[in-house]
Amino acid sequence: MAGERVKLQVQERDSRGSAESRRLRKQGLIPGVLYGRGKTPHPISIPERELRRVLTGGQGLHAILDVTLENQKTTHPSILKEYQQHPVKGGIIHVDLQEVRLDQPIQARVVVELIGEPVGVTEGGVLSQVNREITVEALPMEIPEHLDLDVSGMAIGDTLRLVDLPVQEGVTFLDDPEETVLATVTMPTRIVEPEPEEEELEEGELPEGEVPEGEEAPAEGEEAPAEGASDEQETTED
């Protein structure tokens with residue numbers, strides 16, 4: 001729910017670079033950067049277990065993080081600005097945190113979740129979610145974890161756009177309300193196999209393997225007589 005704040009203690013790191021990042025990850029630490037409001041960015045590292053804990057809470061990626069640098073008492077309200085994942089394993093390998101003011105609105109990407117089963121699906125249609133996230137603006141404590149869109153009344157051929165998403169107090173939708181399509185219900189696509197093309201024949205020519213009317217097909221293994229040859233072979237005179 002909106003308004004959740006999570007404490008997160010981080011460590012400052014002295015050096016940056018890929019070699020240093022690999023060393024930290026081997027120690028179970030995730031490298032990152034804390035960007036302040038007009039201040040010098042702080043290279044930091046975060047215990048992987050702690051980072052997983054704060055990002056899997058009720059507010060998920062939109063949690064307000066009360067960041068405290070090790071050996072300091074000052075708290076820096078921050079949000080997760082960006083993160084990088086391992087291309088194969090999928091775990092987070094780097095994070096950027098952005099310090100924010102709780103009395104000033106920020107922008108964020110929020111997931112749209114579809115609720116219910118459309119009437120059109122029970123009639124054989126297919127539900128498709130075209131856009132899974134939208135951009136919103138709100139105070140940091142008011143950024144919703146997700147937005148629900150009821151699709152149960154959709155029939156085949158119906159489309160729901162951002163303008164159909166219920167307005168939430170304190171939250172402004174920044175995408176085009178009419179052009180941003182969220183969900184559609186369509187008939188399933190039928191794949192039609194193309195019919196094999198028949199080879200055009202010259203006048204009087206028969207399809208390959210077809211025998212003219214009145215003639216018998218040669219037995220298996222027996223060659224057909226060459227064109228122009230007589231039915232009976234001529235015998236030589238003694």
Q: According to a 4.5 Å side-chain heavy-atom criterion applied to Ile, Leu, Val, Met, Phe, Trp and Tyr, with indirect links allowed, do L147 and L149 form part of one hydrophobic cluster?
A: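 Yes; tracing contacts between hydrophobic side chains, which count when under 4.5 Å, links both residues.
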Q: Any non-hydrogen side-chain atom of D176 less than 4.5 Å from a side-chain atom of L162?
A: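 Side-chain contact under 4.5 Å: no.
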Q: For atom CZ of F173, decide whether the heavy atoms of other residues, nucleotides or ligands shown that lie under 6.0 angstrom number more than 12.
A: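 Atom CZ in F173 is packed in, count exceeds 12.
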Q: Taking V121 as the fixed residue, which of V126, I156, L127 is the one that meets the side chain to side chain contact (heavy atoms under 4.5 Å, CB included) rule?
A: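 Checked V126, I156, L127 against V121; only one passes side chain to side chain contact (heavy atoms under 4.5 Å, CB included): L127.
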Q: Got a second to check how far T68's OG1 is from K7's NZ, nearest 0.5 Å?
A: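 T68 atom OG1 to K7 atom NZ measures 8.0 Å (nearest 0.5 Å).
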Q: Are I92 and V10 connected in the hydrophobic side-chain network, where two residues link if heavy atoms are under 4.5 Å apart?
A: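 Same cluster.
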Q: What's the spacing between K81 NZ and I106 CD1 if we round to 0.5 Å?
A: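 With rounding to 0.5 Å, NZ (K81) is 12.0 Å from CD1 (I106).
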Q: Does the side chain of I134 reach to within under 4.5 Å of the side chain of L165, using non-hydrogen atoms?
A: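 A side-chain contact under 4.5 Å exists here.
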Q: Measure from the side-chain N and O atoms of Q9 to the backbone N and O of E70, and report whether any donor-acceptor pair falls under 3.5 Å.
A: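 Judged by distance alone, no pair lies under 3.5 Å.
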Q: When you measure from the side chain of R13 to the backbone N and O of P43, does any donor-acceptor pair fall under 3.5 Å?
A: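 Judged by distance alone, no pair lies under 3.5 Å.
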Q: Enter the distance from I93:CD1 to R22:CZ here, rounded to the nearest 0.5 Å.
A: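 If we round to the nearest 0.5 Å, I93:CD1 and R22:CZ are 11.0 Å apart.
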Q: With no hydrogens and no angle check, is any side-chain donor or acceptor of N131 less than 3.5 Å from a backbone partner on L182?
A: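 A pair under 3.5 Å: no.
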Q: Nearest 0.5 Å, please: how far is CG in D150 from CG in D164?
A: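 D164 CG to D150 CG: 11.0 Å, rounded to 0.5 Å.
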Q: Counting C-beta onward and ignoring hydrogens, is there a side-chain heavy-atom pair between R161 and T180 closer than 4.5 Å?
A: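 Of all side-chain heavy-atom pairs linking T180 with R161, none is under 4.5 Å.
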Q: Give a yes or no answer on whether the side chain of H76 reaches the backbone of L65 with a donor-acceptor pair at less than 3.5 Å.
A: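 No, because the side chain of H76 does not come within donor-acceptor range (under 3.5 Å) of the backbone of L65.
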Q: A side-chain contact here means heavy atoms from C-beta on lying under 4.5 Å apart; do L80 and L97 qualify?
A: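 Contact flag for L80/L97 side chains = yes.
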Q: Same cluster for L69 and I30 if Ile/Leu/Val/Met/Phe/Trp/Tyr side chains link at under 4.5 Å?
A: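 L69 and I30: one cluster.
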Q: Would a 4.5 Å heavy-atom cut-off, applied to side chains only, mark T172 and V136 as touching?
A: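 In short, these two side chains do not touch, never coming nearer than 4.5 Å.
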Q: Would L51 and Y35 show up in the same hydrophobic cluster when neighbours are defined by side-chain heavy atoms closer than 4.5 Å?
A: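 No, no single cluster joins them.
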Q: Mark yes or no for whether R5, through its side chain, and D66, through its backbone, hold a donor-acceptor pair below 3.5 Å.
A: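 Such a contact is absent between R5 side chain and D66 backbone.
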Q: Would L114 and L160 count as a side-chain contact (heavy atoms from CB on, under 4.5 Å) here? Give the steps.
A: CA-CA 11 Å; L114 306 184; L160 290 181; over 6 Å; no
Q: Verify, without hydrogens or angle tests, whether E99 (side chain) and V67 (backbone) share a donor-acceptor contact under 3.5 angstrom.
A: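 The answer is no, because no donor-acceptor pair under 3.5 Å joins these two groups.
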Q: Once you round to the nearest 0.5 Å, how far does NE2 of H146 lie from NE2 of H62?
A: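 Taking NE2 in H146 and NE2 in H62, the distance rounds to 10.5 Å.
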Q: Out of L8, V100, L34, which one pairs with S78 under the side chain to side chain contact (heavy atoms under 4.5 Å, CB included) rule?
A: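 Going through L8, V100, L34 one by one, the side chain to side chain contact (heavy atoms under 4.5 Å, CB included) with S78 is satisfied by L34 alone.
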Q: With rounding to the nearest 0.5 angstrom, report the CD to CG distance, E133 to D175.
A: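 Rounded to the nearest 0.5 Å, the CD-CG separation comes to 10.5 Å.
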Q: Is it the case that one hydrophobic cluster holds both V6 and L139, taking links as side-chain heavy atoms less than 4.5 Å apart, direct or via other members?
A: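 No, V6 does not connect to L139 through the hydrophobic network.
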Q: Do you know the tightest heavy-atom contact between P188 and G125?
A: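 What the structure gives for the nearest pair is CD-CA, 4.4 Å.
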Q: Between A183 and M154, what is the shortest heavy-atom contact and its length?
A: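 Looking at all heavy atoms of both residues, the shortest contact is O-CE, 3.7 Å.
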Q: With the side chain counted from C-beta on, respond yes when V33 and H94 share a heavy-atom pair under 4.5 Å apart, and no when they do not.
A: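 When only atoms from C-beta onward are counted, H94 and V33 do touch, with a gap below 4.5 Å.
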Q: Using the side-chain contact (heavy atoms from CB on, under 4.5 Å) rule, take L29 and Q11 through it: C-alpha gap first, then chi angles, then the decisive distance, then the call.
A: CA-CA 10 Å; L29 300 172; Q11 303 170 5; 4.2 Å; yes
